[in-house]
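Okay, so here's the structure we're looking at.
Only heavy atoms go into these numbers, but all of them, side chains included; no hydrogens, no water, no symmetry mates.
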Number of protein chains: 2
Amino acid sequence: MKVKEMNKRKIGQRDHLTQVLQAAEKLFAKRGFYPTTIDDIAKEAKLAKGTIYLYFDSKEDLFFSAIERKLDALLSKIEKAVKEPGSAWQRINATIGIHLKFMEENKDFFKIMQSFSEQLREKLEKELKERVVEKQSRYIKILTRLIQRAINEGEVKPLNARKLAVILMGIVHSLTVYWVSQKERGSLCGDASLVQEVFSQGVER
Amino acid sequence: MKVKEMNKRKIGQRDHLTQVLQAAEKLFAKRGFYPTTIDDIAKEAKLAKGTIYLYFDSKEDLFFSAIERKLDALLSKIEKAVKEPGSAWQRINATIGIHLKFMEENKDFFKIMQSFSEQLREKLEKELKERVVEKQSRYIKILTRLIQRAINEGEVKPLNARKLAVILMGIVHSLTVYWVSQKERGSLCGDASLVQEVFSQGVER
DNA sequence: ATAAATTGTCTGACTGTTCAGTCATTATTA
DNA sequence: TAATAATGACTGAACAGTCAGACAATTTAT
């Protein structure tokens with residue numbers, strides 16, 4: 001987060017910062033990057049446009065900061081769960097559950113995620129993009145490590161662990177997309193067992 | 001002589017249309033909808049901006065037409081393959097192979113697909129959007145029907161066929177995304193057997 | 001056969017609007 | 001009172017879409 005004068009931040013200021021980030025998340029999620037204007041976000045946050053530029057350098061900076069904020073929240077949940085004792089499978093299953101629960105609670109957010117990397121290329125600041133890409137790949141790395149361990153323990157076929165991680169993410173993601181598109185939404189978390197069943201049976205030795 | 005000249009004129013027209021569609025596909029795929037300007041497309045197609053508006057009503061119209069063109073090509077390949085005789089599994093496997101091959105040959109194109117529905121919402125003409133959504137869902141329906149048959153034949157566990165279709169699409173799609181992001185790309189088609197193995201084992205009774 | 005008129009295609013300068021980012025002014029806080 | 005925070009009118013660039021006219025292919029008239 002590129003907050004100017006970070007060290008001098010006060011409570012009033014932090015509130016405004018959060019207001020802006022929440023408004024940005026909401027609107028970017030609803031409409032995507034380009035159709036969302038800074039004026040929209042300012043209005044939603046009940047602040048003047050100029051105030052936003054006190055906290056963020058540009059629209060892109062705000063966009064990435066909003067994504068980063070949520071991604072941090074998801075990652076810390078995942079990382080915490082992975083530290084818990086248990087077998088590789090138990091951890092993989094926990095991860096699936098946490099991911100689906102998080103998406104169910106933040107259904108707008110994931111829409112940003114899926115498009116950001118391909119949508120903004122070219123134009124965007126390299127540094128900004130890398131901040132987010134790094135966190136995205138950390139998630140895949142965690143899953144890859146878990147799957148590799150399951151392979152080493154002989155519970156999973158000796159396939160490419162990274163590709164299996166990609167496949168698992170793909171399953172979880174596609175079900176989320178499907179769930180969001182439904183008019184009458186059931187519980188997304190309820191699909192955790194389906195994912196676990198299909199994936200584990202699909203890769204087990 | 002008369003006929004010859006007339007043909008020359010008509011062929012010229014069709015060429016321009018194709019030129020525009022190809023340029024649009026290329027640039028929309030590379031940069032996405034908003035950062036691509038009609039001037040860019042005109043330049044790429046070596047035509048004047050006004051000419052594009054002879055063939056398309058708006059930027060959105062052009063965007064959807066470019067998508068539709070490619071989607072038709074993919075769908076007709078899939079539909080043809082599904083008509084071939086064979087078991088439900090053979091057809092599902094054929095579909096996976098065709099899909100991956102198509103993406104390998106049109107790696108830019110699929111990027112548009114994944115984002116279009118979420119990117120443009122709100123603003124876009126309903127009718128334009130529906131043209132594409134209808135075709136997208138036709139693909140899922142084909143897969144769903146195949147999977148349902150495999151369930152009826154007792155080869156697949158009695159789970160929700162549509163969700164399984166969504167899962168299969170998710171696997172194929174995520175591997176495509178992963179493949180595109182690789183610097184050193186191997187063969188995407190080569191992953192067809194991985195998908196088939198994991199999916200079939202994952203859902204079999 | 002040649003010129004003139006007609007038709008259909010293409011062009012790119014122009015217009016109106018939208019919007020990211022600025023900054024002089026005002027409000028708040030210490 | 002001085003420092004800091006917030007405001008919103010303003011600016012300049014970008015861009016979708018238009019349109020008056022250029023140009024080439026055909027047809028008609030002489």
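Considering only side-chain atoms of I38(A), the nucleotide from dC10(C), dA20(C), dA5(D) that sits closest is dA20(C). Candidate nucleotides dT18(D), dA6(D), dA9(D) were compared by shortest atom distance to the side chain of K49(B), and dT18(D) ranks first. Side chain of Y53(B), nearest nucleotide from dT18(D), dT11(C), dG8(D): dT18(D). Here the nucleotide nearest the side chain of S58(A), chosen from dG21(C), dC15(D), dC10(C), is dG21(C).
Considering only side-chain N and O atoms, H16(B) lies under 4.0 angstrom from the phosphate OP1 or OP2 of dC10(C). Contact check, Y55(A) against dA6(D): a side-chain N or O comes under 4.0 Å of OP1 or OP2.
Terminal axes of the helix from dA1(C)-dT30(D) to dA30(C)-dT1(D) (five pairs each, C1' rotation axis) are separated by 10°, to the nearest 10°.
Straight-line distance from the CD atom of E60(B) to the P atom of dC15(D): 17 Å, rounded to whole Å. Across the protein-nucleic acid pair, Y34(A) atom OH and dC15(D) atom C1' stand 14 Å apart, rounded to whole Å. One atom, CG of D39(A), and another, P of dC10(D), lie 14 Å apart when rounded to the nearest Å. Rounded to an integer number of Å, the gap from CZ of F33(B) to P of dA14(D) is 19 Å. Following rounding to the nearest Å, R31(A) (CZ) and dC19(C) (C1') show an atom-to-atom distance of 14 Å. Look at CG on L54(B): it is 13 Å from P on dG12(C), rounded to the nearest Å. dG21(C) atom P lies 9 Å from atom CG of D57(A), rounded to whole Å. For the pair K43(B) NZ and dC10(C) P, the interatomic distance rounds to 21 Å; values are reported in whole Å.
Among the heavy atoms of the strands lying under 4.0 Å from T51(A) is at least one base atom, whether or not backbone atoms are also near.
Evaluation of the salt bridge (charged side-chain N to carboxylate O under 4.0 Å, His left out) rule for K26(B) yields E44(B) as partners, not counting sequence neighbours. For A24(A), the side chain to side chain contact (heavy atoms under 4.5 Å, CB included) partners two or more places apart in sequence, or in a different chain, are F28(A), I41(A), L62(A), A66(A). The salt bridge (charged side-chain N to carboxylate O under 4.0 Å, His left out) check on E25(A) picks up R69(A), K70(A), with sequence neighbours excluded.
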Discussion item. Under the criterion salt bridge (charged side-chain N to carboxylate O under 4.0 Å, His left out), I'd like the reasoning laid out for E197(B) against K157(A): C-alpha separation, chi angles, the key distance, then a yes or no.
Written reply: CA-CA 11 Å; E197(B) 184 183 340; K157(A) 290 186 206 168; 2.6 Å; yes

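When each of G50(A) and T37(A) is assigned the nucleotide of DNA chain C with its nearest heavy atom, T37(A) is the one assigned upstream, toward the 5' end.
You won't find any donor-acceptor pair under 3.5 Å spanning the side chain of K59(B) and the base of dG17(D), going by distance alone.
Side-chain contact between C189(A) and E104(A) is present, with heavy atoms from C-beta onward closer than 4.5 Å.
Identified under the salt bridge (Lys or Arg N to Asp or Glu O under 4.0 Å) test for residues 91-101 of chain B, with sequence neighbours left out: K101(B)-E105(B). Applying the salt bridge (Lys or Arg N to Asp or Glu O under 4.0 Å) rule to pairs touching residues 77-87 of chain A yields E79(A)-R138(A), sequence neighbours excluded.
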